[in-house]
Asker: 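Pasting in a structure now, in structure tokens, and then I'll have a few things to ask.
The model shown is predicted, which means the values in this text are computed figures rather than measured ones. Only this structure's heavy atoms are used, side chains among them; waters, hydrogens and symmetry mates stay out.
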Amino acid sequence: MISAKELKNPHVVRRDLLASLVVFLVALPLCVGIAVASGVPAELGLVTGIVGGLVVGLLPGSRLQVSGPAAGLTVLVFEAVQEFGLSTLGPIVLAAGLLQTVLGLARFGRWFRAISVSVVQGMLAGIGLIIVLGQVYAMADIEQPGSGLSKLAGLPGLAVDIVTDQEALTAFGLGAGTIAVLLVWPKLPATIRTVPAPLAAVALATAVAFLAGLRPAVADVNGLLHAIDLPGGAEFARLADVAVIGTVLAFALIASAESLFSAAAVDRMHDGPRTDYDKELVAQGVGNTLCGALGALPMTAVIVRSAANVQAGATTALSRVAHGLWLLLFAALLPAAVGIIPLASLAGILVHAGCKLVPAKEFGPLWREHRGEAVLLAVTAIAIVVTNLFEGVVLGLLLAVVKSAWETSHVQLTTHELTGGRVVVTLTGNATFLRLPRILEQVEKLPQDQPIELDLTGVRHLDHACRIALENWARRHNHAETEPVTIRRQPSP
């Protein structure tokens with residue numbers, strides 16, 4: 001929220017308006033590029049950016065993070081549009097937004113931080129790989145295959161097409177040049193870097209194409225009003241489809257997790273008020289509900305735009321609200337400017353963004369220090385590429401739960417022989433079915449010609465499977481006409 005006191009301070013207003021221009025220049029090419037990569041009209045990306053600024057920007061939660069269409073949802077949106085059609089996208093986004101709002105009001109926002117960081121990193125890595133694999137085809141103006149494995153298998157053929165087809169080579173050159181600018185830009189003098197790298201890369205690629213007389217593929221732009229398609233009753237009826245419900249859940253889960261992890265990252269970048277996660281989840285839900293009602297792309301809080309906002313010196317929510325206003329003015333007054341940007345250049349921006357989602361530098365240290373977490377990250381990412389986003393994330397979450405259960409079910413079994421030949425077996429820790437094979441293997445090796453006492457008083461948790469298995473072992477041992485087994489348990493409370 002923006003307080004009246006802050007608006008009365010001309011220094012704060014001037015600084016935040018300047019920051020909003022920087023955020024606008026970063027957001028503009030990303031909004032358009034993400035929309036095109038998602039298989040929807042370019043204007044719908046701008047609509048989501050506008051809602052993220054003018055609506056979510058005014059709501060409480062996080063003061064400085066900026067919302068809009070995100071590369072992290074590109075794959076899921078593309079799959080949804082391909083499977084259910086563009087007309088169904090609005091109801092899916094609206095339902096996901098309502099679910100986010102309900103979760104926020106029910107104070108579930110803080111619990112999203114309990115999601116394994118490795119699963120989230122694996123999710124983003126898988127999304128990044130899919131974006132890169134798909135957008136390298138778009139860089140050459142060649143239609144991309146449907147599945148992740150097909151994209152991977154088609155790379156040799158893509159390389160042949162680029163080398164042998166002049167139009168594909170020209171388009172790919174524009175995309176590769178865009179990536180080169182994005183890589184070089186941070187190393188240039190600070191005065192030059194006042195222009196955001198994505199804007200500079202797109203502008204240079206567009207200028208080169210124009211001056212060289214090239215005719216690359218460009219976005220088809222018809223204006224905001226033509227792009228907005230309000231969903232009707234027939235489209236909302238699709239929400240009864242089980243597959244559509246699964247997509248709604250995936251949208252809500254991934255958008256919420258990405259937004260709240262982004263909020264945590266933004267909080268580490270400034271010293272101002274901290275994020276209220278429940279209110280931020282409500283704000284994201286309201287934004288997605290409105291985006292769905294307009295038939296636009298889903299939104300999340302986006303770390304690239306949020307970081308640009310903080311680094312530009314913003315201190316209040318005015319900057320993110322004003323960036324939405326600049327997007328609205330641009331879309332209303334200069335929509336034709338989007339129609340001259342080469343699609344190959346936008347694809348290059350997304351290839352660069354996709355690569356940044358893959359934590360290549362962090363994987364090595366993670367493997368050395370926490371091998372299980374590294375495996376969890378890699379399996380989640382590979383599963384997303386091999387199957388799809390929803391199934392990959394679900395698999396990652398299940399593996400995280402299993403890993404956590406395995407690590408917390410530590411159990412120790414010790415034996416010592418007392419005077420008279422009696423053997424005392426002491427079990428401590430958490431005895432669950434996950435450790436049952438090891439427990440049975442050890443007790444079955446105990447001597448059958450000596451009395452045995454099984455001491456369970458040090459067990460913090462004994463699940464049903466372990467209890468039954470140990471009782472059966474004791475019963476079999478006793479029935480074998482050997483020395484009896486006695487079990488000592490904790491007294492009942």
Asker: I'd like a table of donor-acceptor pairs (distance under 3.5 Å, sequence neighbours excluded) in which one partner is a side-chain atom from residues 158-174, with atom names and distances.
Answerer:
unit_1 : atom_1 : unit_2 : atom_2 : d
T164   : OG1    : V160   : O      : 2.7
D165   : OD1    : E167   : N      : 2.9
D165   : OD1    : A168   : N      : 3.3
T170   : OG1    : Q166   : O      : 2.9

Asker: Check the pair L152 / V385 against side chain to side chain contact (heavy atoms under 4.5 Å, CB included), numbers first and verdict last.
Answerer: CA-CA 9 Å; L152 191 60; V385 174; 5.6 Å; no
Asker: Between W367 and V375, is any pair of side-chain heavy atoms under 4.5 Å apart?
Answerer: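 The answer is yes, as the side chains (C-beta and beyond) meet within the 4.5 Å cut-off.
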Asker: Could you pull out the closest heavy-atom pair between S150 and Y137, with the gap in Å?
Answerer: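 Reported closest heavy-atom pair: O-OH, 4.1 Å.
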Asker: Rounded to the nearest 0.5 Å, what's the gap from CD on E79 to OG1 on T74? Could you check?
Answerer: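 Spacing of CD (E79) from OG1 (T74) equals 11.0 Å.
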Asker: Please step through side chain to side chain contact (heavy atoms under 4.5 Å, CB included) for the pair V66 and V56, ending with a clear verdict.
Answerer: CA-CA 9 Å; V66 182; V56 178; over 6 Å; no
Asker: Of all residues at least two apart in sequence or in a different chain, which pass the side chain to side chain donor-acceptor pair (under 3.5 Å) check with Q135?
Answerer: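 With sequence neighbours excluded, Q135 shows a side chain to side chain donor-acceptor pair (under 3.5 Å) to no residue whatsoever.
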Asker: Using the side chain to side chain contact (heavy atoms under 4.5 Å, CB included) criterion, which residues pair with A243? Sequence neighbours excluded.
Answerer: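 Result, side chain to side chain contact (heavy atoms under 4.5 Å, CB included) vs A243: E83, F84, D241.
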Asker: Rounded to the nearest 0.5 Å, how far apart are CG of N309 and CZ of R320?
Answerer: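 With rounding to 0.5 Å, CG (N309) is 8.5 Å from CZ (R320).
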Asker: Dump the intermediate steps for side chain to side chain contact (heavy atoms under 4.5 Å, CB included) on L325 and V321, then the final yes or no.
Answerer: CA-CA 7 Å; L325 177 61; V321 175; over 6 Å; no
Asker: Not counting sequence neighbours, which residues clear side chain to side chain contact (heavy atoms under 4.5 Å, CB included) with E373? List them please.
Answerer: S116, S118, L366, H370, L376, K403
Asker: Over all heavy atoms of both residues, which pair between P60 and A283 is shortest? Give the atoms and the distance, please.
Answerer: O-CB, 3.8 Å
Asker: Taking all heavy atoms of A35 and all of G45, pick out the closest pair and write down the distance.
Answerer: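 Looks like CB-N, 3.7 Å.
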Asker: Can you name the closest pair of heavy atoms from E362 and P365 and give their distance?
Answerer: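 Heavy atoms of E362 and P365 come nearest at O-CD, 3.4 Å.
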Asker: The test is side chain to side chain contact (heavy atoms under 4.5 Å, CB included); show your working for V136 and L155 and say whether it passes.
Answerer: CA-CA 9 Å; V136 290; L155 291 180; 4.0 Å; yes
Asker: Indicate whether any N or O donor in one side chain lies under 3.5 Å from an N or O acceptor in the other, for S256 and Q100.
Answerer: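 Their side chains do contain a donor-acceptor pair, which is all the 3.5 Å distance test asks for.
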Asker: According to the side chain to side chain donor-acceptor pair (under 3.5 Å) rule, which pairs have a member within residues 324-339, sequence neighbours left out?
Answerer: S20-W326
Asker: Could you pull out all residues at least two apart from R238 that satisfy side chain to side chain donor-acceptor pair (under 3.5 Å)?
Answerer: none
Asker: Look at atom CZ of F210 and say whether more than 12 heavy atoms of other residues, nucleotides or ligands are closer to it than 6.0 Å.
Answerer: no
Asker: If you measure from CG on L204 to CG on L199, what distance do you get to the nearest 0.5 Å?
Answerer: 9.0 Å
Asker: Which value, rounded to the nearest 0.5 Å, describes the distance between I34 atom CD1 and F78 atom CZ?
Answerer: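 The distance works out to 15.0 Å.
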Asker: Does the side chain of V379 reach to within under 4.5 Å of the side chain of L399, using non-hydrogen atoms?
Answerer: yes
Asker: Would you check if the side chain of E258 reaches a backbone N or O of A255 as a donor-acceptor pair within less than 3.5 Å?
Answerer: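 No, the answer is negative, given that no donor and acceptor are paired below the 3.5 Å cut-off.
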Asker: Restricting to salt bridge (charged side-chain N to carboxylate O under 4.0 Å, His left out), what partner residues turn up for D278, sequence neighbours left out?
Answerer: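 Salt bridge (charged side-chain N to carboxylate O under 4.0 Å, His left out) list for D278, sorted by chain: R107, R110.
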Asker: Can you list the residues that meet the side chain to side chain donor-acceptor pair (under 3.5 Å) rule with E280, with sequence neighbours excluded?
Answerer: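 Only Q65, Q284 meet the side chain to side chain donor-acceptor pair (under 3.5 Å) criterion with E280.
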Asker: Pairs in or reaching into residues 43-53: which pass side chain to side chain donor-acceptor pair (under 3.5 Å), with residues at least two apart or in two chains?
Answerer: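 Applying side chain to side chain donor-acceptor pair (under 3.5 Å) to every pair that reaches into residues 43-53, excluding sequence neighbours, yields nothing.
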Asker: Can you tell if the side chain of V218 reaches within under 4.5 Å of the side chain of I340, non-hydrogen atoms only?
Answerer: no
Asker: Say you draw a straight line from CG of L89 to CG of L44; how long is it, rounded to the nearest 0.5 Å?
Answerer: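 Reported value, rounded in 0.5 Å steps: 8.0 Å.
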Asker: Just so I know, are the side chains of L54 and L58 near enough to count as touching, which here means a heavy-atom distance under 4.5 Å?
Answerer: no
Asker: Can you name the nearest heavy-atom pair linking K279 to D276, along with the distance?
Answerer: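 Of all heavy-atom pairs spanning K279 and D276, the closest is N-OD1, 3.1 Å.
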Asker: Taking R15 for its side chain and G313 for its backbone only, find out whether a donor-acceptor pair lies under 3.5 Å.
Answerer: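 Present.
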Asker: Within this structure, what is the OG-CD1 distance for the pair S259 and I254, rounded to the nearest 0.5 Å?
Answerer: 11.5 Å
Asker: List for me each residue that meets side chain to side chain contact (heavy atoms under 4.5 Å, CB included) alongside V202, sequence neighbours excluded, and say none if there are none.
Answerer: P29, T206, I341, S345, L346, I349
Asker: Residues two or more places apart in sequence or in another chain: which of them pass side chain to side chain contact (heavy atoms under 4.5 Å, CB included) with A42?
Answerer: V32, V36, A219, V338
Asker: Could you tell me whether the side chain of R305 and the main chain of V23 form a donor-acceptor pair under 3.5 Å?
Answerer: no
Asker: Would you indicate whether the side-chain heavy atoms of N288 and L99 approach each other to under 4.5 Å?
Answerer: no
Asker: With side chain to side chain donor-acceptor pair (under 3.5 Å) as the test, would you mind laying out the steps for R63 and T316 before giving the verdict?
Answerer: CA-CA 6 Å; R63 286 163 61 95; T316 74; 5.3 Å; no
Asker: Taking all non-hydrogen atoms of both residues, which atom of T380 and which atom of G392 are closest, and how far apart?
Answerer: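 Nearest heavy atoms, T380 then G392: CG2-O, 3.8 Å.
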Asker: Could you tell me if the side chain of V358 sits less than 4.5 Å from the side chain of C355, heavy atoms only?
Answerer: no
Asker: Which atom pairs, donor and acceptor, lie under 3.5 Å between side-chain atoms of residues 289-304 and protein residues at least two apart or in another chain?
Answerer:
unit_1 : atom_1 : unit_2 : atom_2 : d
T289   : OG1    : L98    : N      : 3.3
T289   : OG1    : G285   : O      : 2.7

